[in-house]
Amino acid sequence: MRLITGDHPIWTGHGLINGGDWISAVPEAQAAHLYFSPATGRFAKAGRAVPISQMGTFARAGGAFQTQATGGLLGLDANVPRLGDYSFGSRAWLNEGPATNLVPHNVALNAVSYWTNGAGTTVSSPMPDGAGTSRAFTVSGNGFVRPNSAIAVTPGEAITVTQYVRNATGGASFRAFDVTNGTGISVQAMANGSSEWARERHTFTVPAGCFSIYVYAVYFSEASGSAQLFGLQCERGPQASSLVWTEGGAGSRAPETFNLNIAGLDFTDGVSFAFDLLPLAISASNDQFLFRMHTGGADYCDVFRPGNDIGKLRLRQASGGVTSVAQLDVDYSTAHKIGVTVGLNKAAISVDGALDQDITSPYATAYSAISLNSNSPSASSGAFAAVPIKSLTLEPALAPAAMQARTAA
Amino acid sequence: MTNASITAILAHIANELALMTFIEASFPELLVDGQQRIGGGMARTATVPAGDTPRDGPVGLYANLTPDQVVFWQALAANPALGITILGQRPYGGLGTGPALYAQVQEDATAWALWAAVATVPAHEVPGEEGGMIPVPERIEMPYVQ
């Protein structure tokens with residue numbers, strides 16, 4: 001497995017990608033306070049090309065996998081952002097919240113302490129995480145293979161199981177079983193019969209009266225079935241996140257946060273956040289957290305796309321224990337410029353320069369920091385969907401004069 | 001910040017509910033998820049036994065900490081009233097750090113006994129899909145942050 005460490009020049013700023021000449025041909029980069037284009041590996045601050053390390057501070061207290069253009073996985077060290085991720089089909093900056101894989105030992109299906117019918121032959125040909133590991137297994141003729149421990153669940157909650165699969169034959173399927181009531185919940189055939197690895201997903205809803213389930217690495221509906229499997233993962237919620245290895249217990253991936261370097265930039269009238277997200281990500285069912293303005297304390301102003309109300313952009317503010325929420329309609333099929341202006345006790349949001357709403361705000365402190373994909377305190381489980389970013393810019397607010405007047409201190 | 005600034009720790013907490021009560025009174029800004037979990041920028045933590053609410057009893061904790069958080073937890077551990085024992089710690093060294101930390105702690109019989117006391121899942125039987133019961137061998141839970 002190749003591993004990019006925190007000393008990699010892409011991240012430490014020891015060199016610029018593509019040099020700095022490109023900026024003369026990109027007007028929006030010249031005009032922006034901060035310009036991010038992970039899709040091209042270009043970054044600029046105050047009209048000058050800079051390495052991303054000068055744009056702010058990225059933090060992830062642990063490792064994560066980045067999906068490469070080939071579909072393979074690249075292990076990244078702690079505090080290294082996933083700027084070139086292809087999980088959603090084209091290159092983007094992948095930011096994810098915290099996640100936990102409830103499968104206790106997905107590194108080896110033949111570890112009998114953790115698996116029922118644990119068996120299989122390790123796959124020696126290239127695996128999704130590259131040559132050198134033997135964590136993929138060929139399984140056939142066993143009826144099923146699943147973790148031998150049940151997972152505690154809540155009726156009505158969504159559960160998402162993912163796994164890398166190839167060469168699936170003979171009715172090889174995902175399956176979920178209601179342990180409480182002794183009945184099957186859901187079976188979904190594995191689709192990938194080809195020799196190339198593909199990550200497949202099985203999402204189901206826990207039925208009424210069910211408090212414990214089994215999930216399966218594979219369940220064969222025919223006697224002669226076979227499949228090659230890698231990286232079984234089970235997460236709460238309807239959204240799959242990137243692979244988390246587990247070895248002896250549930251494994252977690254730390255949340256990712258990018259704190260923008262806004263020192264010296266004038267955001268007195270607010271901030272305009274022009275974003276271009278990958279359309280596939282918009283189908284996410286969990287909240288997609290875009291950014292947070294805050295002071296480093298308990299007060300904050302969040303901008304996010306609510307998973308339960310597709311087509312909305314939501315502004316949520318909290319100050320002094322008081323929370324307010326406002327939202328507006330957004331067509332996510334195209335890029336937009338979202339203006340957020342926060343004044344003392346007043347706020348406003350706009351789309352593409354047009355005032356949409358002005359709001360009575362409890363936020364009574366001038367914000368001093370902006371974080372991308374920071375933890376959302378309202379998410380009870382901490383789970384929210386990935387935000388694959390093609391590009392974004394931060395500029396002084398494009399708020400119309402009327403908005404500025406309303407939000408003036 | 002580089003990866004070297006992250007430290008993985010394994011800790012034993014004598015009473016999770018008492019610790020959370022102390023944190024709520026002294027450092028309320030560190031609590032998230034409806035006051036049920038210590039956050040404050042810490043990586044998602046893994047506790048055993050896992051539960052939706054703080055346990056009125058001993059738990060084990062695995063966490064990846066920033067330097068400030070290491071200082072914070074060491075200060076907490078220095079207060080005997082809080083019942084926190086740091087069983088082991090090591091600099092974050094990539095995706096294999098979790099198993100390496102557990103291997104390190106296993107070399108200290110006293111420390112491992114404390115972890116095993118909270119993380120052992122005894123041998124038991126579970127319902128089989130075709131009826132009857134299936135034996136599950138004893139194991140010690142080893143959750144970690146990737």
Side-chain angles (χ1 to χ4, degrees), chain A residues 1 3 5-7 11-12 57-65 75-80 97-101 104-105 107 112-114 116 143-144 146 148-150 152 177 179-180 182 184 212 214 243-255 257 297-298 375 377 379-382, chain B residues 1-8 28-29 31-34 36-37 39-48 50-52 60 62-66 69 91-100 102 119 121 124-131 134-146:
Chain A
M1 180 191 311
L3 186 70
T5 71
D7 296 326
W11 175 230
T12 57
T57 303
F58 175 80
R60 184 189 56 242
F65 286 104
L76 298 184
D77 217 332
N79 297 325
V80 178
T100 295
N101 182 358
H105 197 83
V107 296
V112 294
S113 296
Y114 295 94
T116 294
F144 64 84
R146 64 161 171 79
N148 61 17
S149 55
F177 186 84
V179 177
T180 309
S212 181
Y214 293 140
L243 175 64
V244 177
W245 278 128
T246 64
E247 193 167 346
S252 298
R253 185 187 57 253
T257 300
N375 259 318
S380 59
S381 65
Chain B
M1 180 182 291
T2 70
N3 61 307
S5 63
I6 300 295
T7 299
E29 69 277 9
L31 297 182
V32 296
D33 289 354
Q36 299 299 312
R37 190 171 65 81
M42 185 190 304
R44 191 168 184 78
T45 54
T47 58
V48 289
D52 293 333
Y62 184 106
N64 282 355
L65 304 179
T66 64
Q69 291 163 350
Y92 182 83
L95 295 168
T97 301
Y102 279 106
V121 179
H124 62 288
E125 293 187 328
V126 296
E129 289 87 335
E130 310 300 330
I134 300 172
V136 176
E138 177 183 290
R139 68 167 182 264
I140 297 176
E141 291 281 325
M142 294 181 284
Y144 62 91
V145 181
Q146 179 169 269

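The chains referred to below are lettered A, B, ... by the order of the sequence lines, with proteins before strands, and numbering in each begins at 1.
- With chain A as partner, the option from B/Glu138, B/Glu141, B/His124, B/Met142 having the largest number of non-hydrogen pairs under 4.5 angstrom is B/Met142.
- A distance of 13.0 Å separates CZ in A/Arg253 from CG in B/Asn64, rounded to the nearest 0.5 Å.
- Side chains of A/Asn148 and B/Ile134 form no contact here, defined as non-hydrogen atoms less than 4.5 Å apart.
- Closest non-hydrogen pair, B/Tyr92 versus A/Asp77, comes out as CE2-OD1, 2.8 Å.
- The minimum heavy-atom distance between B/Glu129 and A/Tyr214, with the atom names listed, is OE2-CD1, 3.7 Å.
- Of all non-hydrogen atoms in A/Phe65 and B/Leu95, the two that sit nearest each other are CZ-CD1, 3.6 Å.
- Residues B/Gln146 and A/Val244 come closest through the heavy atom pair OE1-CA, 3.0 Å.
- Residue-environment remark: CD (B/Glu125) exceeds the threshold of 12 foreign heavy atoms within 6.0 Å.
- Interface residue B/Pro99: only side-chain heavy atoms are found under 4.5 Å from chain A.
- Pairing each heavy atom of A/Ser113 with each of B/Arg139, the nearest pair is O-NH1, 3.6 Å.
- B/Val145 and A/Ala61 make their closest contact through CG1-O, 4.0 Å (heavy atoms, listed as atom of the first residue, atom of the second, distance).
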